[in-house]
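To keep things clear, I will list the structure first and then write my remarks on it.
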Amino acid sequence: MNHQPISEDQDATSILQTEVSQAVQQLTEVEGEEQAEVFSEILTEAESGTVAILLESLPLDERYERWQQVEPEERVDVLNLMRADPRLGILKKMPDEELDFLFAQISPEDLIDWSDSLPDSITDRALAQMGERQRKHFELYDQYDENEIGRYADHQMLVLNPDSTVAQGQRFFRRIDLDCNDHLFLVDTNDKYLGTVRRYDLYKADSQALLSTLIWPDSRVISADLSLIEAAEAIEHSRELEFPVVDEHGILIGRMTLRTATALVREHYESQLMATAGMDEDDDLFAPITVGARRRAVWLGINLLTAFLASATIGLFEDVLSQVVALAVLMPIVASMGGIAGSQSLTLMIRGMAMGQISAGNVFSLMKNELGIGALNGTLWAVIIGLIAGWWFNDVIMGLIIGCAILINMAIAAIAGVMVPMLLQKLNQDAALSGSVILTTVTDVVGFFTFLGLATLLYL
């Protein structure tokens, strides 16, 4: 494998992240008209991907104000490169006439990608703006589920019948510029896939020769029902830029490109990282507090079950232990709930920092957001755990102590989840490697100190 292009890609990614980080800082240091002027200057030079990241880096009210500055003709490209949550938030705020104009420009592939996270009402509105041929393309892709490559196949490809000449094929390559395009696909009158012709072979052949004589014998075909990660790994482990995608009847429905495969693999591993904290890679950096709290509450509930299991094991010996030991039985719950709450904030921060979305200008807004989520979830679980603990030990004071400790620890954990990676970054340390260790220490110390401190005040 040639390592030089990879190094160049890494350098380009590093430069992009630096540029995005600087732009985020410029935006978040100003407000109102001044912010609008800064964003307007950025729009003159920034690519769609950069604009998408910048919009995601702003609190919700500022985000929509800046969105209105994006030219209508460029909005589809920007939304394509945004995560599902912030994209949906913008679409819900747009007036009907602006939505219709936007959907009149969208392709079936774009809508398929969006529809995974869109309400049916918005998807239907988009389909109403499409022509009959586009709707058929959408229906073709929509028959496959979210984990099958057929759903995301690119239908923009070079296709001819086998009786076409080499000259016609060469003309196709010269006139049509497609991303990751190195092959020409041959189909019969029923669109059944017959074979692949490589660009390299095409330009070596006689211009009057038939394309059927140049079919590449080693070409590989991907089945439309193949999983996304399997399809992505297949093309990544090959030397090809694209593979044809066919349905169960051998009908060519699109192609899978190396660029798509790389994006799928990256999203797969990013989603795995977020899943370790019970979150989704499409989660918005500035999701509304109630939405963020609801999503994280489920994982906190799952964690609570494991925490109670550990405590119940210790509690088997409670008959021979004094009241102080009863406190020790509940201590792991306080630390564990604070730990998982902090790890959710930490994971969100690390992702944002990796993409250059976090700066000194927006970290305070993000901290307020995270503190609100921590306080809301803290209150919920403080009540639940306090009631359970009070019933378990038949002691109202015990329930009150652990409830207060849970609330305080989860609020502190949210703040620590934001601040720890920022401090590590200033010290030139890798937040992804050491952040969780420091965070766990913080939540354990705060949880134990608060819990035992309150118990000392109320029992002694």
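Hydrogens, waters and symmetry mates play no part in the numbers below; they use all other heavy atoms, side chains included.
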Does the side chain of Glu148 reach to within under 4.5 Å of the side chain of Leu226, using non-hydrogen atoms? no
dist Asp77:CG -> Glu71:CD (nearest 0.5 Å) comes out at 13.0 Å
Determine the minimum heavy-atom distance between Leu330 and Trp392, stating which atoms define it. CD2-CZ3, 4.0 Å
Look up atom CD1 in Ile333 and atom CD1 in Ile402, then write down how far apart they are to the nearest 0.5 Å. 4.5 Å
Could you measure the distance from the CG atom of Leu252 to the CG atom of Asp247? Nearest 0.5 Å is fine. 9.0 Å
Phe243 and Val221: side chain to side chain contact (heavy atoms under 4.5 Å, CB included), yes or no, with the steps? CA-CA 6 Å; Phe243 282 160; Val221 177; over 6 Å; no
Write down the atom of Thr443, the atom of Ala413, and the distance for their closest heavy-atom approach. CG2-CB, 3.6 Å
Donor-acceptor pair, side chain of Arg75 and main chain of Val70, under 3.5 angstrom: yes
Nearest heavy-atom pair of Gly150 and Tyr144: which atoms, and what distance? C-CD1, 3.7 Å
Do Ser223 and Val245 make a side-chain contact, defined as non-hydrogen atoms from C-beta onward lying under 4.5 Å apart? no
Do Leu241 and Asn181 pass the side chain to side chain contact (heavy atoms under 4.5 Å, CB included) test, and can you show the C-alpha distance, the side-chain angles, and the key distance before you say yes or no? CA-CA 7 Å; Leu241 293 177; Asn181 185 209; over 6 Å; no
How long is the straight-line distance from OG of Ser115 back to CG of Asp120, given to the nearest 0.5 Å? 9.0 Å
Side-chain H-bond candidate by donor/acceptor type, His183 with Glu240, under 3.5 Å: yes
Any side-chain to backbone donor/acceptor pair from Asp96 onto Leu99? Under 3.5 Å, distance only. no
Under a 4.5 Å cut-off applied to non-hydrogen side-chain atoms, are Pro244 and Ile222 in contact? no
Report yes if the side chains of Val78 and Ser48 come closer than 4.5 Å at any heavy-atom pair, otherwise no. yes
Between Arg87 (side chain only) and Leu79 (backbone N and O only), is there a donor and an acceptor less than 3.5 Å apart? yes
Can you check whether Ala36's main-chain N or O pairs, donor with acceptor, with Gln69's side chain at less than 3.5 Å? yes
Test log, rule side chain to side chain contact (heavy atoms under 4.5 Å, CB included), inputs Met349 and Met422: CA-CA 9 Å; Met349 277 292 294; Met422 291 294 291; 3.6 Å; yes
Under 4.5 Å between any side-chain heavy atoms of Ile122 and Phe103, yes or no? yes
With a 6.0 Å cut-off (strictly less than), is the heavy-atom count around CD of Glu31, excluding the residue itself, greater than 12? no
Can you confirm whether Arg125 sits close enough to Asp100 that some side-chain heavy atom of one is under 4.5 Å from a side-chain heavy atom of the other? yes
With a 3.5 Å cut-off and no angle check, do the side chains of Glu242 and Thr257 form a donor-acceptor pair? no
Using 0.5 Å steps for rounding, measure from the CG atom of Leu348 to the CG atom of Leu366. 6.5 Å
Give, for atom CG of Asp154 and atom CD1 of Ile149, the distance between the pair rounded to the nearest 0.5 Å. 10.0 Å
Should Phe393 and Ile388 count as side-chain neighbours, where that means a heavy-atom distance under 4.5 Å? no
Heavy-atom pair with the smallest gap, counting every atom of Tyr64 and Lys93: OH-O, 3.2 Å
N/O donor-acceptor pair under 3.5 Å between Thr44 side chain and Glu41 backbone: yes
Between Val246 and Ile253, is any pair of side-chain heavy atoms under 4.5 Å apart? no
Using modelled atom types only, decide if a donor and an acceptor are shared between the side chain of Glu233 and the backbone of Glu230 within a distance under 3.5 Å. no
Looking only at the side chains, is there a donor atom on one of Gln143 and Glu139 sitting less than 3.5 Å from an acceptor on the other? no
Are Gln105 and Glu73 linked by a side-chain donor-acceptor pair shorter than 3.5 Å? no
Under 4.0 Å between a Lys/Arg side-chain N and an Asp/Glu carboxylate O for Glu56 and Arg63? no
With no hydrogens and no angle check, do the side chains of Ser365 and Asn362 hold a donor and an acceptor under 3.5 Å apart? no
The single option from Arg135, Arg151, Lys136 passing salt bridge (Lys or Arg N to Asp or Glu O under 4.0 Å) against Asp142: Arg151
Is there a donor-acceptor contact under 3.5 Å from the side chain of Thr450 to the main chain of Val446? yes
Backbone of Leu27 reached by a side-chain donor or acceptor of Gln35 within 3.5 Å: yes
Hey, is the main chain of Ile340 close enough, under 3.5 Å, to the side chain of Ser343 for a donor-acceptor pair? yes
With a 6.0 Å cut-off (strictly less than), is the heavy-atom count around CZ of Arg174, excluding the residue itself, greater than 12? yes
Give a yes or no answer on whether the side chain of Asn409 reaches the backbone of Val334 with a donor-acceptor pair at less than 3.5 Å. yes
Between Tyr141 and His155 the two heavy atoms that sit nearest each other are OH-CB, 2.6 Å
Please test Trp114 against Ile106 for side chain to side chain contact (heavy atoms under 4.5 Å, CB included), starting from the C-alpha separation and ending with a verdict. CA-CA 10 Å; Trp114 296 15; Ile106 198 174; 3.5 Å; yes
So does Glu97 have more than 12 non-hydrogen atoms from other groups sitting under 6.0 Å from CD? yes
Please report the shortest heavy-atom distance between Val51 and Ala46, naming the atom on each side. CG2-CB, 3.9 Å
Other residues, nucleotides, ligands: >12 heavy atoms within 6.0 Å of Asp61 CG: yes
With no hydrogens and no angle check, just 3.5 Å: does a side-chain donor-acceptor pair link Tyr152 and Asp116? yes
